[in-house]
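Below, read A as the first sequence line, B as the second, and so on, with proteins coming before strands; counting in each chain starts at 1.
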Number of protein chains: 2
Amino acid sequence: MTVSKTAEKSSEKPADAAKGRKDAGEPQTEALQLGELSEQLGYVLKRAQLKVFENFLRCMASLQLTPAQFSVLLLVEKNPGRNQTEIASTLGILRPNFVAMLDNLESRDLCARIRSTNDRRSHILVLTDKGKAVLARAKKLVATKHEARLNDLLGQANREALIGMLSKIANEF
Amino acid sequence: MTVSKTAEKSSEKPADAAKGRKDAGEPQTEALQLGELSEQLGYVLKRAQLKVFENFLRCMASLQLTPAQFSVLLLVEKNPGRNQTEIASTLGILRPNFVAMLDNLESRDLCARIRSTNDRRSHILVLTDKGKAVLARAKKLVATKHEARLNDLLGQANREALIGMLSKIANEF
DNA sequence: GATAATTGTTATGGACCATATCAAATATCG
DNA sequence: CGATATTTGATATGGTCCATAACAATTATC
């Protein structure tokens, strides 16, 4: 969802108020000063997150997986036998909102809900064979097209340092 | 918006599937393994961004300013005499969505729209006196409560490195 | 001076997030 | 045991944010 619809054209790229100009004539419209904005953590964090998600969606276009869907498949694979509540809450997804998400993945035969025999309220989540295959391909795409891009941009060491700092913020802020 | 409503209680904190347990009895529900998820840039980036925004809103509770509103005030202050289209596009906000945002800020007497004499289609944006005062207080709150938190957590050098890397991603990814 | 483009605006729909509520199943406690 | 509370998955619903189409007023272009 939210991807590949008409996506590609507008979307209002920031830092580009001077658009319809051949970059040769008289710049009657001066570029705006970002000022302290470019030092604001929240601002730059949000911008970076949007860019990363955008790139992720492009890399996954052939598999039609959103970041959220990818994270669900990853977590279900790593934690077989868990129910919806456990998977959802670990990802910070509220149970009601997780239902439609699973409906989607299940309708595409990527995962399945199985009634637990221990607790007949629960739906145990598992990946289907197709789900495992798609996830495997998704991992390769992420590694070769998505994460590799970061290494080119920042370098291996910086990339790891970045992930470490973001994790720290996510966990301890 | 989106803040301080009933906010404070639920919200489904991740990495916490084992909740209603006194942390003393028998852990019948093992913690889930995040696995490769904790190395996924997009995942950790999104998580960090949510935490940072959440903290920002808490710091700004007394002024009732969202990150987006703060960025608008900052940009208008730094770039007086610009119209809605220029401010909005620099922030990556689509013009239609910028209207309600300005209605809000204007109704609170933080900024004002002024018809341009050169181009009577445009609305020049300026901060009101109250807007300037509020922004000044907001800056102090951000510096002392919000950004300072990052320094405590990462240290000055790491904080700057982080901002630098995020900017690079936002601009070159 | 006719046509095209721009500005602010409204209307509208989609995606995402949050809450309340429900039925079925289970847990708890008298 | 049996009444009550809790949990699980689900539905309904509302809010916020994001994106597109369309419009009137104004300006630019030819």
Side-chain angles (χ1 to χ4, degrees), chain A residues 1-14 17-21 25 28-29 46 49-50 53-54 57 66-69 71-72 82-89 91-104 106 113-125, chain B residues 1-14 17-21 25 28-29 46 49-50 53-54 57 66-69 71-72 82-89 91-104 106 113-125:
Chain A
M1 281 96 192
T2 216
V3 72
S4 74
K5 288 187 308 182
T6 319
E8 202 62 40
K9 37 177 183 175
S10 70
S11 211
E12 203 74 20
K13 304 162 198 161
K19 37 182 176 179
R21 191 169 8 123
Q28 45 220 157
T29 314
K46 180 75 180 291
Q49 185 258 315
L50 289 175
F53 269 44
E54 192 183 305
L57 289 170
T66 66
Q69 292 169 336
S71 70
V72 170
R82 298 308 188 121
N83 64 25
Q84 295 184 199
T85 298
E86 292 171 314
I87 298 291
S89 97
L91 291 173
I93 302 174
L94 294 170
R95 272 82 77 223
N97 300 327
F98 197 45
V99 174
M101 221 178 137
L102 273 186
D103 288 347
N104 181 344
E106 203 173 19
R113 298 184 236 222
I114 304 179
R115 289 228 92 96
S116 168
T117 52
N118 306 335
D119 187 338
R120 305 206 7 253
R121 290 169 299 186
S122 304
H123 286 172
I124 297 305
L125 297 182
Chain B
M1 283 95 190
T2 217
V3 69
S4 75
K5 287 186 310 183
T6 319
E8 202 62 39
K9 40 178 183 176
S10 68
S11 209
E12 204 73 21
K13 305 163 198 161
K19 37 183 175 177
R21 199 176 351 131
Q28 44 220 161
T29 313
K46 181 75 180 290
Q49 186 258 316
L50 289 176
F53 269 44
E54 192 183 306
L57 289 171
T66 67
Q69 292 169 335
S71 69
V72 169
R82 299 306 188 123
N83 64 25
Q84 295 184 198
T85 298
E86 293 171 313
I87 298 292
S89 97
L91 291 173
I93 302 174
L94 294 169
R95 269 82 78 221
N97 299 328
F98 196 47
V99 174
M101 221 178 136
L102 273 187
D103 288 347
N104 181 345
E106 203 174 18
R113 300 183 236 223
I114 304 179
R115 289 228 93 95
S116 168
T117 52
N118 306 333
D119 186 340
R120 305 208 4 255
R121 291 169 298 186
S122 305
H123 287 172
I124 297 305
L125 297 183

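- In terms of heavy atoms, A:Gln69 sits closest to A:Met101 at N-CE, 3.7 Å.
- C:dT10 atom P lies 16 Å from atom CE of B:Met101, rounded to whole Å.
- For the atom pair OG of A:Ser89 and CG of A:Leu91, the computed distance is 8.5 Å after rounding to the nearest 0.5 Å.
- Remark: of the listed residues B:Arg113, B:Arg82, B:Gln84, B:Gln84 is the sole one forming a side-chain hydrogen bond (donor to acceptor under 3.5 Å, both in side chains) with B:His123.
- When rounded to the nearest whole Å, the span between CG of A:Asn83 and C1' of C:dA24 equals 15 Å.
- From B:Leu125, atom CG reaches atom OG of B:Ser116 across 11.0 Å, with rounding to the nearest 0.5 Å.
- As a whole-Å value, the separation of A:Ile114 CD1 from D:dT8 P is 18 Å.
- Residues A:Pro96 and B:Asp103 both approach DNA chain C. Their nearest nucleotides, taken by heavy-atom distance, put B:Asp103 toward the 5′ side.
- Between A:Leu50 and A:Leu102, the residue anchored nearer the 5' end of DNA chain D, judged by the nucleotide with its closest heavy atom, is A:Leu102.
- Between A:Ser122 and C:dA25, a side-chain N or O to OP1/OP2 separation shorter than 4.0 Å is absent.
- Atom CG of A:Leu94 is separated from atom P of D:dT8 by 14 Å (rounded to the nearest Å).
- For A:Asp119, the side chain to side chain donor-acceptor pair (under 3.5 Å) partners two or more places apart in sequence, or in a different chain, are A:Arg121.
- For A:Asn97, there are no side chain to side chain donor-acceptor pair (under 3.5 Å) partners, not counting sequence neighbours.
- In terms of heavy-atom proximity, B:Glu86 sits nearest to B:Asn83 at N-OD1, 2.9 Å.
- With rounding to whole Å, B:Phe98 atom CZ is found 13 Å from D:dC18 atom P.
- Here D:dT6 presents its C1' atom at 13 Å from CZ of A:Arg95, a figure rounded to the nearest Å.
- Rounded to a whole Å, the CG atom of B:Asn97 is 18 Å from the P atom of D:dG15.
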Which pairs, protein N/O on one side and nucleotides 26-30 of chain D N/O on the other, fall under 3.5 Å?
| unit_1 | atom_1 | unit_2 | atom_2 | d |
| --- | --- | --- | --- | --- |
| D:dT26 | OP1 | B:Arg120 | NH2 | 3.1 |
| D:dT26 | O2 | B:Arg121 | NH1 | 3.3 |
| D:dT27 | OP1 | B:Arg120 | N | 2.9 |

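- Taking 4.0 angstrom as the limit, B:Lys46 places none of its side-chain polar atoms (N or O) nearer than this to OP1 or OP2 of C:dC16.
- In this structure, B:Ile93 atom CD1 and C:dT9 atom C1' are separated by 16 Å, rounded to whole Å.
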